[in-house]
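Working notes for the structure below.
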There are 2 protein chains.
Amino acid sequence: MEAKRIAVIVGSLRKESFNRKIANNLIKLAPQDLELEISQLEMYNQDLDENPLQSWVEFRKAIKSFDGVIFVTPEYNRSIPGVLKNAIDVGSRPYGQSAWDKKPAAVISVSPGATGAFGANHHLRQCLVFLNMPVMQQPEAYIGDASKLFSENGDIAKESTRDFVKKFVTAFSEWVNHFGETEEFEPGHMTKTEEKKPELRM
Amino acid sequence: MEAKRIAVIVGSLRKESFNRKIANNLIKLAPQDLELEISQLEMYNQDLDENPLQSWVEFRKAIKSFDGVIFVTPEYNRSIPGVLKNAIDVGSRPYGQSAWDKKPAAVISVSPGATGAFGANHHLRQCLVFLNMPVMQQPEAYIGDASKLFSENGDIAKESTRDFVKKFVTAFSEWVNHFGETEEFEPGHMTKTEEKKPELRM
């Protein structure tokens with residue numbers, strides 16, 4: 001069986017982002033049947049749907065090529081960062097051609113506080129409902145105390161957390177394998193009724 | 001009594017945005033003791049906190065100068081747009097200097113669908129809890145069927161909706177007046193304990 005390719009979307013642009021570190025560790029700790037790659041992005045404006053930025057075109061194309069997506073998110077103001085939400089919005093458009101459709105997904109939230117960005121984690125899950133991404137339910141991952149987790153080289157120094165992240169990404173491997181190979185993209189649940197069509201035209 | 005100045009944040013960059021139209025109508029329908037102005041924005045990156053983009057500096061300064069904020073939001077993927085969330089994130093930083101702190105606020109959500117962007121409306125309210133913005137609870141505003149509301153010049157053609165928007169912005173005038181004049185900015189609930197400080201450092 002060929003390895004599944006997994007996009008890792010990091011909701012922070014900060015160079016020393018804890019979320020990016022968790023993402024890097026996910027990559028290191030992934031089982032051999034998953035290949036993880038980190039993606040990144042620019043602001044969505046529906047006016048540009050017919051003449052999109054090259055960065056959007058590439059982002060959408062990249063996402064479509066993956067077999068699954070792991071979102072690694074901090075919490076900004078009790079929700080996901082604008083940067084991440086924008087990536088989601090860009091990937092979801094234009095109408096009927098969402099790059100996210102049917103991709104199996106997982107969510108890890110990471111914060112220096114005790115609550116492990118729970119608010120962001122579940123806001124994101126609400127978006128994934130609309131996006132028709134089957135989300136791994138367990139294990140849930142709310143990684144708190146992030147400022148104390150990493151060694152100087154960026155590895156997870158705390159053994160229990162390293163074990164947990166390994167368990168998480170291994171479970172995700174099983175999750176992804178419930179679903180078939182990535183097929184030629186075809187719009188899924190988005191039926192083209194007038195009722196639904198304008199949902200994002202605001 | 002001097003008129004209160006209200007920032008109107010529109011969560012869409014689209015020129016023909018229904019949300020922008022609602023915002024324009026808010027301005028037209030506001031009682032005389034409110035002055036409404038529309039604001040706009042760029043992507044947040046904490047690495048730039050110490051050397052912020054000029055557009056951020058101006059945005060934060062502008063927000064601080066207002067007496068209240070009305071958020072007008074579409075729903076993208078069952079949440080607020082990345083563009084709007086980014087404006088919120090930019091305004092909230094750097095730590096301890098949030099421009100939103102204590103500003104009385106209101107939320108109107110607008111969509112072409114039947115649910116009136118309910119999902120976005122309440123995601124936004126969760127952010128406003130953290131931001132310590134007292135939010136007007138009633139009337140709630142979930143404006144659906146937005147593609148049928150406007151006349152060619154952009155006014156709200158439907159009388160019941162026009163009346164509702166007028167009632168909404170009038171209630172907001174009362175709401176704002178529960179709170180004092182805008183004082184010199186002082187960080188409010190954000191006490192500088194190590195516990196809380198790194199909350200957004202991700």
Side-chain angles (χ1 to χ4, degrees), chain A residues 11-20 41-49 73-93 98 100 109-114 117 119-120 122-124 126-131 146-147 195-202, chain B residues 11-20 41-49 73-93 98 100 109-114 117 119-120 122-124 126-131 146-147 195-202:
Chain A
S12 169
L13 302 175
R14 203 164 72 93
K15 275 187 204 139
E16 290 300 315
S17 161
F18 297 136
N19 282 264
R20 174 168 295 279
L41 234 243
E42 270 172 272
M43 285 284 203
Y44 177 67
N45 175 354
Q46 192 186 331
D47 280 335
L48 304 184
D49 266 2
T73 187
E75 184 168 294
Y76 284 7
N77 303 309
R78 302 294 175 233
S79 185
I80 59 176
V83 174
L84 172 56
K85 184 53 168 50
N86 185 62
I88 290 171
D89 293 345
V90 167
S92 73
R93 301 292 300 175
S98 170
W100 308 109
S109 56
V110 185
S111 87
H122 285 267
H123 268 194
L124 180 51
Q126 179 162 310
C127 299
L128 302 184
V129 173
F130 182 75
L131 294 170
S147 59
E195 187 57 28
K196 194 148 168 47
K197 194 162 181 181
E199 192 70 34
L200 289 185
R201 284 195 178 165
M202 291 155 236
Chain B
S12 169
L13 301 175
R14 202 164 72 93
K15 275 186 203 138
E16 290 300 315
S17 161
F18 297 135
N19 282 265
R20 176 168 293 278
L41 234 246
E42 271 172 89
M43 284 288 204
Y44 177 67
N45 175 353
Q46 191 186 330
D47 279 335
L48 305 182
D49 266 2
T73 187
E75 184 169 293
Y76 285 7
N77 304 310
R78 303 292 176 234
S79 186
I80 59 175
V83 173
L84 172 56
K85 183 53 169 49
N86 185 63
I88 290 171
D89 293 345
V90 168
S92 72
R93 303 291 301 175
S98 170
W100 308 109
S109 55
V110 185
S111 87
H122 285 267
H123 268 195
L124 179 51
Q126 178 162 309
C127 300
L128 303 184
V129 173
F130 182 74
L131 294 170
S147 58
E195 186 59 27
K196 194 148 168 46
K197 193 163 183 180
E199 191 71 32
L200 290 184
R201 282 195 179 167
M202 293 156 235

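All values below come from the heavy atoms of this structure, side chains included, with hydrogens, waters and symmetry mates left out. Below, chain A is the first sequence line, B the second, and so on; all start at residue 1. Nothing here was measured: the structure is a model prediction, and the numbers come from that model.
The structure places OG of B/S79 at 8.0 Å from CD1 of A/I88, a figure rounded to the nearest 0.5 Å. Here NE2 of B/H123 is found 14.5 Å from CZ of A/R78. Values are rounded to the nearest 0.5 Å.
Shown here for B/P81 and A/D89, the closest heavy-atom pair between the two residues is CA-OD2, 3.5 Å.
Side-chain atoms of B/Y76 and A/K85, non-hydrogen and from C-beta on, do get closer than 4.5 Å to each other.
For A/I80, the part sitting under 4.5 Å from any heavy atom of chain B is the backbone (N, CA, C, O) and nothing else.
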